[in-house]
Amino acid sequence: MDWLLAVLLFALALPGVLAMLRIEPKLIKETGAEDIPYFARLVSHMVLVVPSVLVGTWLYKDAGFAAPTLSEIGVMTFLISLLCAGAHLIYYYGYLVKVTEKNVIAKIDRARQNVGFDTRVLYGGIVEELIFRWGLMSILVWSMNKWLAISDVNLVYWLAIVISSLLFALIHLPGAKQTVGKLTPPLLTYAITANVFVGICCGWLFWKSGLLSAMICHMLFHVIWYGFEKSKRARPQEEVYMTNSRKE
């Protein structure tokens with residue numbers, strides 16, 4: 001196993017983990033839940049990050065993936081990234097905002113803003129990609145190649161992309177439920193399908209280009225959304241939240 005690569009990837013994940021640890025007390029307070037000690041939260045993140053980095057570094061070559069290099073980043077990386085971010089913005093503001101009560105959308109927007117730009121980019125764009133693409137997809141492809149008699153190589157990779165994307169979506173559901181209280185059918189549908197879509201875009205890039213391309217896609221997803229929500233078209237939701245807060 002390439003221990004230097006494992007150490008570099010772990011170091012790459014640390015800023016995102018530290019950013020999440022810094023903001024978590026505020027997020028927990030917003031939900032009304034009891035605070036969790038810093039060390040316990042740190043361990044919970046390390047339990048996901050460390051095995052993912054180690055397993056991915058151990059298996060990525062056997063799974064047919066390439067080592068992360070800057071040369072993997074090309075035009076396709078940014079095209080898929082823009083498609084991912086743009087399609088999601090249309091889905092969120094063109095569908096979910098229109099079928100969901102304004103106070104619920106305001107809670108979602110407020111929770112996202114509480115996470116902060118740096119945490120969204122560093123944790124979502126780097127840590128989650130190390131967990132779900134580098135670690136999970138590597139072990140899924142390796143396991144299917146070793147234990148299942150699937151002759152179609154492309155099918156193996158697509159199964160890994162879909163499975164990892166579904167798990168990526170499901171792991172976001174508890175946080176969504178804590179934010180809004182109750183997941184209505186439109187909210188549940190959005191939470192699953194939107195995250196699956198992001199997972200498929202990042203998973204495809206990881207397969208065809210590499211880990212850094214997947215990270216860029218996920219990071220640009222948050223960068224573009226952050227820019228959009230700061231525009232005039234997104235501000236009314238903030239105003240609704242502030243109005244409701246003053247009433248409470």
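Position 1 is the first residue of the sequence, and the numbers go up from there. A quick note: this is a predicted structure, and the numbers were derived from the prediction, not measured.
The cationic atom of R112 (NZ for Lys, CZ for Arg) lies less than 6.0 Å from the six-membered ring centre of Y92 and within 45° of the ring axis.
Side-chain atoms of H88 and Y93 form no donor-acceptor pair, as typed in the model, at a separation below 3.5 Å.
Here E229 pairs with R120 in a salt bridge; the nearest charged N to carboxylate O distance falls below 4.0 Å.
Nearest approach of T179 to K107, heavy atoms of both residues: CG2-O, 3.7 Å. Closest of all the heavy-atom pairs between A63 and V141 is O-CG1, 3.3 Å. Counting all heavy atoms, side chain and backbone alike, L183 lies closest to L173 at CD1-O, 4.1 Å. Nearest approach of S165 to R133, heavy atoms of both residues: OG-NH1, 4.4 Å. Between C217 and L205, the shortest heavy-atom distance links the atoms CB-CD1, 3.5 Å. Taking all atoms of both residues into account, the shortest heavy-atom contact from T77 to E72 is OG1-O, 3.9 Å.
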### side chain to side chain contact (heavy atoms under 4.5 Å, CB included) evaluation trace for Y123 with H45
CA-CA 11 Å; Y123 194 90; H45 290 295; 3.0 Å; yes

### Task
For the pair S164 and L140, evaluate side chain to side chain contact (heavy atoms under 4.5 Å, CB included) and give the outcome as yes or no after the intermediate values.
CA-CA 8 Å; S164 62; L140 285 171; 4.3 Å; yes

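Listed by chain and residue number, F168 satisfy the ring pair (Phe, Tyr, Trp, His ring centres under 6.0 Å) test with F132 (two or more places apart in sequence, or in another chain).
Think of L4 as one node in a network of Ile, Leu, Val, Met, Phe, Trp and Tyr side chains linked at under 4.5 Å; its network also takes in L8.
Ring centroids of Y157 and F206 are separated by 6.0 Å or more, keeping the two rings apart. Taking the six-membered ring for Trp and the full ring otherwise, W207 and F65 have centroids separated by 6.0 Å or more.
W204 and F197 end up in different hydrophobic clusters when Ile, Leu, Val, Met, Phe, Trp and Tyr side chains are linked at under 4.5 Å.
Among pairs with a residue in residues 95-115, those fulfilling ring pair (Phe, Tyr, Trp, His ring centres under 6.0 Å) read Y91-Y95, at least two apart in sequence or across chains.
D35 is not listed as a side-chain neighbour of K29, based on a closest heavy-atom distance of 4.5 Å or more.
Interatomic distance, CG of L12 versus CD1 of I126, reported as 4.5 Å (0.5 Å rounding).
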